[in-house]
Amino acid sequence: MEIFNIFLNIIVPILILIGIGAFLHFKFQLDLNTLAKINIYYLVPGLIFIRLYETDLAWDLFFKVLAFFIFLSISLYFVSNIISRLFSFSKGLRIAFSHSTLFYNSGNYGISVNDLAFRQDPVAMGVQVLVLTFQNLLVYSYGIISLDKLNKTKIKNTVPYFKMPILYAMFFGLLLNAFNLELPQFIYIPGSYIADALIAVALLTLGAQVVQLNFTKNMFTVYLSVAVRLIISPLTAFIIIPFLHVDVITAQALFIASAVPSSVNSAIIAQEYENEAAFAAQAVFVSTIFSALSITIVIFLSRILFT
């Protein structure tokens with residue numbers, strides 16, 4: 001019964017918003033490039049800045065979340081490479097496979113799940129915002145560098161790393177938090193409006209992005225990717241978390257954050273660099289569909305394993 005309640009009250013609202021986005025794109029052909037830019041340059045930086053400013057965030061928690069993210073990423077990188085070599089993937093597919101497991105949807109999906117699962121708990125949201133920040137930094141560093149090795153002509157079309165607003169949103173949010181500086185109301189109020197708008201717009205964007213993805217018939221590699229993303233990743237997180245000595249809410253938030261589906265960013269940069277775009281799109285779509293069940297189970301287990 002508890003699993004059903006989790007699915008009904010946490011997952012179904014998210015699926016409804018994703019479905020609305022898919023319907024609106026099907027009916028009106030929304031400009032996905034514009035929607036992506038609104039999320040990357042407007043909503044996500046606003047959320048990161050405001051939530052890091054608001055959260056009573058201790059520096060030891062910051063470094064513990066960072067350590068968790070680094071160890072989880074390294075573990076998933078090695079697992080994906082072992083699988084790639086075991087099945088003799090081509091170099092391009094090896095990179096795309098790695099991206100589909102390493103880059104997970106901490107933003108428009110993870111933030112929404114966290115918000116509903118923890119009923120807007122500031123500590124849990126602070127943890128999720130940090131994971132989201134580190135995820136974006138990883139995508140636009142390792143993600144771009146690894147693809148650039150395959151195609152050196154595309155780098156000029158990529159957002160330069162140090163021009164990412166997310167990086168500066170994190171820096172100034174942490175700075176104000178660390179020195180307990182008060183943000184003027186004429187800045188805080190619009191920032192709060194931006195942060196509050198993220199979930200609805202981000203899930204609408206996800207629905208619009210997923211519904212227009214192109215697919216092929218070769219699904220075996222996709223299922224391998226989904227298994228790593230939705231099963232091996234939370235199992236690995238479960239092994240890592242006890243070594244961090246964090247509180248219950250943080251442990252649950254990290255565990256749930258590790259189990260979200262593949263990020264649309266992996267499909268976007270795969271399409272941009274013309275590297276296994278069909279596989280990347282399939283991995284995003286299938287992992288998002290299967291996550292409705294897997295994330296429900298992970299949320300349920302988080303309440304049993306971390307108490």
query: Checking ring pair (Phe, Tyr, Trp, His ring centres under 6.0 Å) for the pair F300/F7: CA distance, chi angles, key distance, verdict?
result: CA-CA 10 Å; F300 174 74; F7 179 78; over 10 Å; no

- request: I would like to know whether R51 and D196 meet salt bridge (Lys or Arg N to Asp or Glu O under 4.0 Å); could you show each step before the answer?
  value: CA-CA 10 Å; R51 294 296 179 256; D196 292 340; 3.2 Å; yes

task: Just do the side-chain contact (heavy atoms from CB on, under 4.5 Å) check on F49 and L176 with the steps written out, would you?
output: CA-CA 9 Å; F49 175 71; L176 292 173; 3.5 Å; yes

Check against side-chain hydrogen bond (donor to acceptor under 3.5 Å, both in side chains), S73 and Y142: CA-CA 11 Å; S73 298; Y142 163 71; over 6 Å; no

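Note: the hydrophobic cluster containing Y41 also contains I111 (ILVMFWY, side chain heavy atoms under 4.5 Å, direct or indirect links). If you chain together hydrophobic residues whose side chains sit under 4.5 Å apart, V248 and V113 never meet in one group. In the hydrophobic clustering of this structure, F243 does not group with V127; members are Ile, Leu, Val, Met, Phe, Trp, Tyr whose side-chain heavy atoms approach within less than 4.5 Å, directly or through other members.
A donor-acceptor distance shorter than 3.5 angstrom exists from the side chain of Q135 to the backbone of Y104, with no hydrogens or angles considered. Side-chain atoms of S263 do not come within 3.5 Å of backbone N or O of F103 as any donor-acceptor pair. Under the 3.5 Å distance criterion, the side-chain polar atoms of N114 are left unmatched by any main-chain donor or acceptor of A257. Using a distance-only test at 3.5 Å, with no hydrogens or angles considered, a donor-acceptor pair links the side chain of S233 to the main chain of S258. For the pair S192 (side chain) and Y188 (backbone), a donor-acceptor distance under 3.5 Å is present. A donor-acceptor distance shorter than 3.5 angstrom exists from the side chain of N9 to the backbone of N5, with no hydrogens or angles considered. A side-chain donor-acceptor contact under 3.5 Å links S287 to the backbone of S262.
Interatomic distance, I10 CD1 to S112 OG, rounded to the nearest 0.5 Å: 11.5 Å. The distance from atom OH of Y223 to atom CZ of F290, rounded to the nearest 0.5 Å, is 5.5 Å. From I48, atom CD1 reaches atom CG of L132 across 4.5 Å, with rounding to the nearest 0.5 Å. Atom-to-atom distance recorded for I189:CD1 and I194:CD1 is 12.5 Å, nearest 0.5 angstrom. Rounded to the nearest 0.5 Å, atoms OH (Y109) and CD1 (I14) are 5.5 Å apart. In this structure, CG on L102 lies 8.0 Å from CZ on R229, to the nearest 0.5 angstrom.
The six-membered or imidazole ring of F220 lies near that of F87, with a centre-to-centre distance under 6.0 Å.
In this structure, the side chains of F279 and H99 stay at 4.5 Å or more apart for every pair of heavy atoms.
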